[in-house]
Amino acid sequence: MRDTTAAFKLQKTPVPRAVRRKEVGFPPLPRIFCPFSLPFPRPLSFLFAPMADDAKQRKTLDERAQMSDLERLRHSTAHVLATAIAKLWPDAQFAAGPPVENGFYYDVDLGHRITPDDFPAIEEEMKRVVKENQVFERVTISRSEALDLAQRGRLAALGDREVPSRFKIDLLQDIPEDEEISIFRNGDFWDLCAGPHVPRTGNCKAFKIMSVASAFYKGDASNPQLQRVYGTAFPNRADLDAHLEQLEEARKRDHRRVGREMDLFHIDEAVGQGLILWKPKGALVRQELQDFISEHLRRQGYSQVFTPHIGKLDLYRTSGHFPYYADSQYPPIVEREHLKKLADEGCGCGELSNRLASGEIDGFLLKPMNCPHHIKIFQSNHHSYRDLPVRLAEFGTVYRWEQSGELGGMTRVRCFTQDDAHLFCTEDQVAAEIRGCLELVKIVLGTLGMQDYRVRVGLRDPDSSKYVGDPAKWDKAEAALREAAATLGTAFTEEPGEAAFYGPKIDFVVKDVIGREWQLGTVQVDYNLPERFQLSYIGADNQAHRPVMIHRAPFGSMERFVGVLIEHFAGKFPTWLSPEQVRVLPISEKFLDFAGEVEAVLREAGVRVTVDRSDDKVGAKIRLAQLDKIPYMLVIGAREAESQEVSVRHRDRGDAGSSPVLAFRDQVVAEIRSRSL
RNA sequence: GCUCUUGUAGCUCAGGGGUAGAGCACUUCCUUGGUAAGGAAGAGGUCACGGGUUCAAAUCCCGUCAAGAGCUCCA
């Protein structure tokens, strides 16, 4: 058996994890801008990732009593789980077993390694406990009695043991002096627990063990690693089944799976982790989206620019990205001459490494963001107040060294392309510019049928002094953001303390069709970079003034956005976004010529069309086209060739009757042009 | 990064100390058909990579790489 006692040191003040991942499924990715300047002694990824609320407040007994019925049920089921595990493996040492968003877990340290093969046995044992319909009995005890029970190994156990219940002893110490201590008993299983619980184990009828993973005790990597058994529970079988079906649905929609099936993108070991290869079909989707967004950018008076993927290190020293956040960037590219010079000076590998880390080297950096390049474009001209706002947009590709454990699919990658733009404006223009950004978001999400999104307005914490810039400007910018959010006509929340230190921001969180939330882009007001780069424009008073910058990437990155869209549509993109919009299905090879004519007519009209020239029967061709999620199938046989018509089948609506070739062409072209859903 | 799990054909997966398996996809042939799978044959794999144990390794052990899940919504 593993001896965790030696490694286990009690921690009086648990160190909160810098980055907590609350969402189930896919983690958020609001790491869009980072025009920071303060030398926080933290890795860059900390700033790219959502900030955790500081140390979670311990729940009071009152708060716990307010646990919802479902949470109560799940927490009780966690005790049933622990009872079963304690029966099967009496040496089990339990830590915490709370209800969580989609169920519950219980952390356990155990000589035996639990695998999915063990689930049936555990569930059988749990069913027995449920069937016995044991009463959950609350017993109030004194601190010393609790300690005594724990020393006897009696807590989270079915009887006395030779080894103390060591995690429970530790947890006891976290309980404030003035708080009542209670244990809950069901049958012979006693556990330190504040409750509340359902009355009897018989209430925990509908449950399922979902998975087992590892977790650090109290989330601290210096603590022992425990096995975390996840389960879920519902009041009845039907609700449980519905939940499991939804999970299955989510699994089917997983963009990694759909992306492979539909041949949209590929990640290759030989290229590198977190680096997306957009295959032809995925590239079409992305290109359509970019064209769509560009069209609206032009309408809104943006100027599109192109900038390189690298820049001199000095640029990023000025912006503040380097060297403080070097850990989250690809290492610098050192110039050949500089390297040679270092070698001539006798600089060894160790010293080189140190100099790289400290930033005392010359070279280039793969850009971690686009703002410095755009700033340099702005600075390449003198600007009058009459020029403002200057709006520079770019589908700008950036590189970040995410920890390998954070990577996943298209939603968490090391190279991504932002729908980025930087607006240089006067303070008076900030409000209107923010409204413009939100307008674009509204149009794009509306066109895609993603009506279910919310907006978070991140304001500064009035009690903190970590923010840069003049408080009066902050007030103005915050008011502008608040006002703009209100005009959006959608729900928004204001979250004090969630602002970046350089300015307030708006985040967009979209909900997909099965209710999962995804953080996409942000709009951020920035007073910091204009200062660092000494930006200026000449005002009506003939004096130099400092412009304000707005960073905005409303859809975050093309990678993540397309990943979200794949799941949102379950791969069934609207016609305008579909990589293949129409497939012609000749009944037999006799009609290949006519099929070719139909193909030519459609292609000429700009429709993405192919002909299935295989010798499959039409049923098989339809099946394949359905699996490829192609919006329109045109069945062509003798009748159609005779009348110059096509028999139209839609992937969702089925057989739609026949239509003259040109009429179909006009209809599908109109559908594509209008970008209808 | 850390822990666990996984890595076998383009895809989905079975197998497992002694000729490498299936279905789908692919190629060829037969079939020329009417709204979700017509038939036959064939081709395709250093079993992720590198070491080790063994007469013998895809299989067992160690390491590397990669993928997936998890990493306090606290007794």
Side-chain angles (χ1 to χ4, degrees), chain A residues 14-17 19-22 24-25 43 45 52-53 55-59 61 64 67 71 75 94-102 104-105 107 113-116 146 150 155-156 165 167-175 179 181-184 191-195 210-228 230 254 256-257 260-261 263 267-270 272-273 327 402-409 585-592 615-627 633 635-640 647-649 651 654-656:
Chain A
V15 181
R17 274 180 67 78
V19 177
R20 277 237 335 281
R21 313 273 294 288
K22 291 182 187 168
V24 168
S45 58
D53 317 337
K56 272 270 180 280
Q57 287 302 306
R58 190 189 150 74
K59 278 185 183 159
L61 287 178
R64 290 185 61 102
M67 213 184 254
E71 286 170 330
H75 180 48
F94 291 92
V100 293
E101 185 169 339
N102 286 309
F104 61 86
Y105 65 79
D107 283 344
R113 186 187 300 147
I114 298 176
T115 70
L155 290 181
S165 307
F167 299 109
K168 301 293 174 179
I169 292 174
D170 181 53
L171 291 166
L172 264 170
Q173 305 194 351
D174 290 344
I175 301 177
E179 201 170 288
I181 292 176
S182 61
I183 62 169
F184 267 86
D191 197 358
L192 178 70
C193 179
M210 303 301 291
S211 61
V212 58
S214 83
F216 296 109
Y217 179 58
K218 292 185 173 178
D220 186 333
S222 64
N223 279 341
Q225 195 110 28
L226 306 174
Q227 302 187 58
R228 174 166 296 181
Y230 279 91
D254 190 316
R256 291 166 298 195
R257 173 191 170 120
R260 195 184 308 109
E261 286 170 355
D263 219 16
I267 300 172
D268 199 297
E269 283 190 26
Q273 280 186 287
D327 283 352
E402 298 287 346
Q403 292 194 99
S404 62
E406 304 283 347
L407 299 171
L585 312 178
I587 299 265
S588 87
E589 65 185 12
K590 289 179 197 152
F591 311 107
L592 281 179
D615 57 359
D616 283 332
K617 294 170 82 165
V618 74
K621 291 182 179 180
I622 287 171
R623 179 167 184 274
L624 277 177
Q626 288 284 156
L627 291 175
M633 291 154 263
V635 179
I636 277 177
R639 292 201 294 273
E640 289 76 17
S647 174
V648 181
R649 181 188 164 96
R651 68 178 168 209
D655 194 339

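Computation of the quantities below employed the complete heavy-atom set of this structure, encompassing side-chain atoms and omitting hydrogens, waters and symmetry-equivalent molecules. Order of the sequence lines sets the chain letters (A, B, ...), proteins ahead of strands, with each chain counted from 1.
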Please check the phosphate of B/G33 (OP1 and OP2 only) for any side-chain N or O of A/K590 closer than 4.0 Å.
yes
For B/C71, take OP1 and OP2 only and decide whether either is under 4.0 Å from a side-chain N or O of A/Y230.
yes
Residues which pass side chain to side chain donor-acceptor pair (under 3.5 Å) with A/R257, listed by chain and number, not counting sequence neighbours
A/E261
Restricting to side chain to side chain contact (heavy atoms under 4.5 Å, CB included), what partner residues turn up for A/E589, sequence neighbours left out?
A/L592
Classify the glycosidic conformation of B/U32 as syn or anti, calling it syn when the angle lies within 90° of 0.
anti
Using atom P of each nucleotide, how far apart are B/U3 and B/A56 to the nearest Å?
33 Å
Distance check, P atoms only: B/C47 and B/G7, in whole angstrom units.
14 Å
Qualifying residues under salt bridge (Lys or Arg N to Asp or Glu O under 4.0 Å), relative to A/D655, sequence neighbours excluded
none
C1' atom, B/A69 versus B/G52: distance in rounded Å?
30 Å
Between the protein and nucleotides 9-14 of chain B, which nitrogen or oxygen pairs are less than 3.5 angstrom apart?
{"from": "B/U12", "atom 1": "OP1", "to": "A/R260", "atom 2": "NH1", "distance (Å)": "2.7"}

With the criterion being N/O to N/O and under 3.5 Å, what pairs connect the protein with nucleotides 4-8 of chain B, and how long is each?
{"from": "B/U5", "atom 1": "OP1", "to": "A/R113", "atom 2": "NH1", "distance (Å)": "2.4"}

Could you tell me whether the side chain of A/Q173 has a donor or acceptor atom within less than 3.5 Å of a complementary atom in the base of B/A75?
no
Let's see if you can work this out: which of B/A75, B/G70, B/U32 has an atom nearest to the side-chain heavy atoms of A/R228?
B/G70
Mind checking what makes side chain to side chain donor-acceptor pair (under 3.5 Å) contact with A/D615, not counting sequence neighbours?
none
For B/C29 versus B/C11, give the span between their P atoms, rounded off to a whole number of Å.
27 Å
Picking from B/G68, B/A75, B/G70, the nucleotide nearest the side-chain atoms of A/A215 would be B/G70
For B/C24 versus B/A43, give the span between their C1' atoms, rounded off to a whole number of Å.
16 Å
Which nucleotide in B/A75, B/U32, B/G68 has an atom nearest any side-chain atom of A/P98
B/A75
Categorize A/A146 for me: base, sugar-phosphate, or nothing, with a 4.0 angstrom heavy-atom threshold over every strand shown.
nothing
Can you list the stems that RNA chain B is part of, where a stem is at least 3 pairs in a row, each Watson-Crick or G-U, with both distances below 3.5 Å?
B:1-7 with B:65-71, B:10-13 with B:21-24, B:26-30 with B:38-42, B:48-52 with B:60-64
A/A95: partners by side chain to side chain contact (heavy atoms under 4.5 Å, CB included), with sequence neighbours left out
A/D107, A/F167, A/Y217, A/L226
Applying a 4.0 Å non-hydrogen cut-off, can you work out what A/I267 is touching in the nucleic acid: base, sugar-phosphate, or nothing?
nothing
Main chain of A/D170, side chain of A/Q173: is a donor-acceptor contact present, judged purely on distance under 3.5 Å?
no
Return the set of residues passing ring-ring contact (aromatic ring centres under 6.0 Å, His included) with A/Y105 (not counting sequence neighbours), or none when no residue passes.
A/Y230
Can you measure from CD1 (A/I181) to CD1 (A/I175) and round to the nearest 0.5 angstrom?
4.5 Å
Could you tell me which non-hydrogen atom of A/R649 sits nearest to which non-hydrogen atom of A/I622, and how far apart they are?
NE-CG2, 3.5 Å
When you get a sec, tell me which of B/C71, B/C73, B/A66 is the closest nucleotide to the side chain of A/Q273?
B/A66
Pairwise P distance, B/A20 and B/C49 [rounded to whole Å]
16 Å
Hey, what are the protein-to-nucleotides 35-38 of chain B N/O distances that come in under 3.5 Å?
{"from": "B/U35", "atom 1": "O2'", "to": "A/R649", "atom 2": "NH1", "distance (Å)": "3.1"}
{"from": "B/U35", "atom 1": "O2", "to": "A/R649", "atom 2": "NH1", "distance (Å)": "3.4"}
{"from": "B/U35", "atom 1": "O4", "to": "A/S647", "atom 2": "OG", "distance (Å)": "2.1"}
{"from": "B/A36", "atom 1": "N6", "to": "A/Q626", "atom 2": "NE2", "distance (Å)": "3.1"}
{"from": "B/A37", "atom 1": "N7", "to": "A/R623", "atom 2": "NE", "distance (Å)": "3.4"}
{"from": "B/A37", "atom 1": "N6", "to": "A/R623", "atom 2": "NH2", "distance (Å)": "2.5"}
{"from": "B/A37", "atom 1": "N1", "to": "A/R623", "atom 2": "NH1", "distance (Å)": "3.1"}
{"from": "B/A37", "atom 1": "N1", "to": "A/R623", "atom 2": "NH2", "distance (Å)": "3.1"}
{"from": "B/A37", "atom 1": "N3", "to": "A/R623", "atom 2": "NH1", "distance (Å)": "3.2"}

Between B/U46 and B/G21 - P atom distance, rounded Å:
15 Å
Residue list, side chain to side chain donor-acceptor pair (under 3.5 Å) with A/D191, at least two apart or on another chain:
A/Y106, A/K168
Test of understanding: with side chain to side chain donor-acceptor pair (under 3.5 Å), list the residues that count as partners of A/D616, not counting sequence neighbours.
A/S614
Rounded to whole angstrom, note down the P distance from B/C60 over to B/U6.
10 Å
